[in-house]
Amino acid sequence: MSWLSTKTAFTTPPGCPITIKGWVRTNRESKAEGGLCFVAVSDGSSFDAIQCVVKGNLSNFAEVQKLTTGCAVEVDGQLVQSQGKGQSVEVLVDSAQGGAVRISGLVEHPDTYPVQNKRHTFEYLREVAHLRVRTNTFGAVARVRHCLSMAVHRFFHERGFFWVHTPIITGSDCEGAGQMFRVSTLDQMNLPRTPEGKCDYTQDFFGKESHLTVSGQLNVETYCCALSNVYTFGPTFRAENSNTARHLAEFWMIEPEMAFCDLMRDSQIAEEFIKYCVNAALTQLPDDMKFFDERIEPGLLARLKHVLDTPFRRLPYTEAVKIIQDAMAKGKKFEFQVKWGSDLQTEHERYLTEEHFKQPVILMNYPKQIKAFYMRLNDPGTDGAPGDTVAAMDVLVPKIGEIIGGSQREERLDYLDRRIEEMKLPAKEYWWYRDLRRYGTVPHAGFGLGFERLILFVTGMQNIRDVIPFPRAPKQAEF
RNA sequence: UCCCUGAUAGCUCAAUGGUAGAGCGACCGGCUGUUAACCGGUAGGUUCCAGGUUCGAGUCCUGGUCGGGGAGCCA
């Protein structure tokens, strides 16, 4: 008997003895043929569980009859073509042919097992996150998450990018992307004080204030300016009090950075990247994607195929503002007004990508006052804009909104210094970032992409807390 | 953090201020190469927490806690 994953079993020609090891999904019983149990067993390798048809001649048949959802079993039997409808092959377990069911772990009190053989809400399953992965949906999400992770690395590896492990703990408070979590070993009940009465971080572990990273971008730019094409892919932490279906306190971010690269090429890589990931899920996990299309977001497959087949629409911010203003003039209602220089609201972004263009849209060249200090200042009059713009881009997709934010970086030291001064940032903290502009500066560009948002986009799942194994969010760090 | 909304059986939800209900799940039985099975029965409740109003509160009021939808921040 060779032990096969269900995934392998489904592609193996019938007629051979096999062993399956996994967890019971369902158990149905029949009195026919002297007693039969139909035990569906899942080991997580495939979307479908495999049906084991257990004959009444097994010595422990009485125990098999009592198997309930969640029990762990090892099944020896013959891989055969199914006599019933609903599956192509199944495992026939007949003691006359050496069939056996070994029960590894029972569910001792089935009435207390949290994952019943019925529909559950995602909100409830979140409370049993240690067991929710045993359901169809969360198993499929886990497989897609892995598939996309591998696709990320393959995409960049195939293009000569190097994966850079930027630090999780940072002593820099200038990453500039939101509230940070403090990292400290000080006794919080008895903090050391400076003469001014403030906390004395010179006595802390790192001898200075330190935090969890909110972005690897500044660090990865250093490697970019030596290895040319690099990316980060790792955990990122934001202590914002965000309570939405699109935000996590701990999430995984992908940040490529390319030397000798301008904004247009940056946007081309971003488009290729998204299409590559979508294609990977569609071709490698068709069963899981079919499930998402049928049960999670009807029309998902058509939506994703449309994304693959259509070039992303590139549009200057200045044009986008005109389109939204035109729509308002024609009677389209928005809660917020739009004028050149103001940031677009979620409702405006969704209008552009979901209603006006009905496809992914890349907005480019934003007013400098609403973007970060490191973004490259455009020449005056770019896109006919009435004010200064920077070489920034946001990739907007239906359902999610902003999925990627990127820019060409300011490589000219005098321009960078002016921006740091204008925004009243602590110039001294940026000494090593400024060095990159002093020693062999080059035009370079990159972008950031929230991995969980990519998973939402690809699976059609609604809540970001359901596409990461153990979500961390305000008031939520169980498990 | 702001606005709206919700919390009742293991789960999903009902219940005019007046005896707490159903479906599913679990358990027992029947039927069946079954597959969201079907049919019959049994068990299962501190109605989120703390106060208050009332003869009487699941229901009304106040304050919390947690969830959901939207917004902001963003990825």
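Within every chain, numbering begins at 1; the chains are lettered A, B, ... in the order of the sequence lines, protein sequences first and strands thereafter.
- Within a heavy-atom distance below 4.0 Å of RNA chain B, the residues of residues 44-64 of chain A found are A:Gln51, A:Val53.
- Nucleotides B:rG56 and B:rG17 place their C1' atoms 8 Å apart, quoted to the nearest Å.
- Put simply, CD on A:Glu255 is 13 Å from C1' on B:rC74, counting in whole angstrom units.
- Near RNA chain B, meaning a heavy atom under 4.0 Å from it, residues 242-252 of chain A has A:Ser242, A:Asn243, A:Thr244, A:Arg246, A:His247, A:Leu248, A:Phe251 in order of number.
- A:Ser5 and A:Asp43 share no side-chain donor-acceptor pair at under 3.5 Å.
- For A:Arg314 and A:Phe312, the positive end is not near the middle of the six-membered ring at less than 6.0 Å and at most 45° from its axis.
- Within residues 344-370 of chain A, the residues approaching RNA chain B are A:Gln345, A:Thr346, by heavy-atom distance under 4.0 Å.
- Spacing of P atoms, B:rU59 relative to B:rU53, comes out at 15 Å, to the nearest Å.
- For the C1' atom pair drawn from B:rU34 and B:rG18, the interatomic distance equals 49 Å after rounding to whole Å.
- Of the residues listed (A:Glu410, A:Gln408, A:Gln217), the one engaging A:Tyr374 in a side-chain contact (heavy atoms from CB on, under 4.5 Å) is A:Gln217, and it is the only one.
- In this structure, A:Asn57 and A:Asp94 have side chains that are in contact, with non-hydrogen atoms separated by less than 4.5 Å.
- Residues A:Phe373 and A:Tyr430 bring their aromatic ring centres within 6.0 Å.
- Counting to the nearest Å, the P atom of B:rA26 and the CG atom of A:Asn27 are 10 Å from each other.
- At the heavy-atom level, A:Gln83 lies under 4.0 Å from base atoms of the strands shown.
- For the C1' atoms, the distance from B:rC73 to B:rC13 is 36 Å, rounded to whole Å.
- Applying the side-chain contact (heavy atoms from CB on, under 4.5 Å) test between A:Ile50 and each of A:Val39, A:Ile20, A:Val75 identifies A:Ile20 as the sole match.
- Residue contacts for A:Ser30: at a heavy-atom cut-off of 4.0 Å it reaches a base atom on one of the strands shown.
- Within the nucleic acid shown, A:Thr236 has no heavy atom closer than 4.0 Å to any nucleic acid atom.
- Comparing A:Met253 and A:Arg295 against RNA chain B, the residue whose closest nucleotide sits nearer the 5' end is A:Arg295.
- Judged by atom type and distance alone, A:Glu90 reaches the base of B:rG33 through a side-chain donor-acceptor pair under 3.5 Å.
- At a threshold of 4.5 Å between non-hydrogen side-chain atoms, the residues A:Arg159 and A:Glu272 count as touching.
- Under the 30°/60° scheme for interplanar angles, the aromatic rings of A:Phe155 and A:Phe273 are found to stand perpendicular.
- Within 4.0 Å of A:Gln87, counting heavy atoms only, lies at least one base atom of the nucleic acid.
- Remark: side-chain polar atoms of A:Arg25 are paired, donor with acceptor, to backbone N or O of A:Arg134 under 3.5 angstrom.
- One can place CZ of A:Arg238 at 18 Å from C1' of B:rU1, the figure rounded to the nearest angstrom.
- Between A:Phe334 and A:His348, a ring centre-to-centre spacing shorter than 6.0 Å is recorded.
- Remark: A:Gln116, A:Asn117, A:Lys118, A:His120, A:Thr121, A:Glu123, A:Tyr124, A:Arg126 in residues 116-134 of chain A come within less than 4.0 Å of RNA chain B through at least one heavy atom.
- The aromatic rings of A:Trp340 and A:Tyr317 sit perpendicular, their planes meeting at an angle over 60°, well past the 30° parallel limit.
- For A:Arg409 and A:Ser407, the side-chain atoms include at least one donor-acceptor pair closer than 3.5 Å.
- As rounded to the nearest Å, B:rG45 and B:rG21 have C1' atoms that lie 12 Å from one another.
- For RNA chain B, the stems formed by at least three consecutive Watson-Crick or G-U pairs, with both atom-pair distances below 3.5 Å, span B:1-7 with B:65-71, B:10-13 with B:21-24, B:26-30 with B:38-42, B:48-52 with B:60-64.
- With A:Tyr366 as the aromatic partner, A:Lys368 does not meet the cation-pi criteria of under 6.0 angstrom to the ring centre and within 45 degrees of the ring axis.
- Taking A:Thr69 as the reference, A:Tyr113, A:Asn117 meet the side chain to side chain contact (heavy atoms under 4.5 Å, CB included) condition, with sequence neighbours excluded.
- Using P as the reference atom, B:rG44 and B:rA50 are 24 Å apart when rounded to the nearest Å.
- As a whole-Å value, the separation of A:Lys31 NZ from B:rC31 P is 7 Å.
- For the P atoms, the distance from B:rC3 to B:rU12 is 27 Å, rounded to whole Å.
- Distance A:Gln65 CD to B:rG30 P: 11 Å, rounded to the nearest Å.
- Looking only at atom types and distance, the side chain of A:His444 has a donor-acceptor partner in the side chain of A:Glu221 under 3.5 Å away.
- Between A:Asp466 and A:Val141 the shortest side-chain heavy-atom distance does not fall below 4.5 Å.
- Sequence order on RNA chain B of the closest nucleotides to A:Phe336 and A:Gly448 puts A:Phe336 first from the 5' end.
- Paired with A:Phe237 under the rule side-chain contact (heavy atoms from CB on, under 4.5 Å), one option of A:Ile168, A:Ile169, A:Thr170, A:Leu248 passes, and it is A:Ile168.
- Across B:rA57 and B:rC48, the matching P atoms stand 15 Å from one another, rounded to whole Å.
- When rounded to the nearest whole Å, the span between CG of A:Leu106 and P of B:rA26 equals 15 Å.
- Atom CG of A:Asn241 is separated from atom C1' of B:rU1 by 6 Å (rounded to the nearest Å).
- We find that OH of A:Tyr113 is positioned 13 Å from C1' of B:rG25, with the value rounded to whole Å.
- Figure legend: cation-pi geometry between A:Arg238 and A:Phe181 absent, as NZ or CZ is not positioned both under 6.0 Å from the six-membered ring centre and within 45° of its axis.
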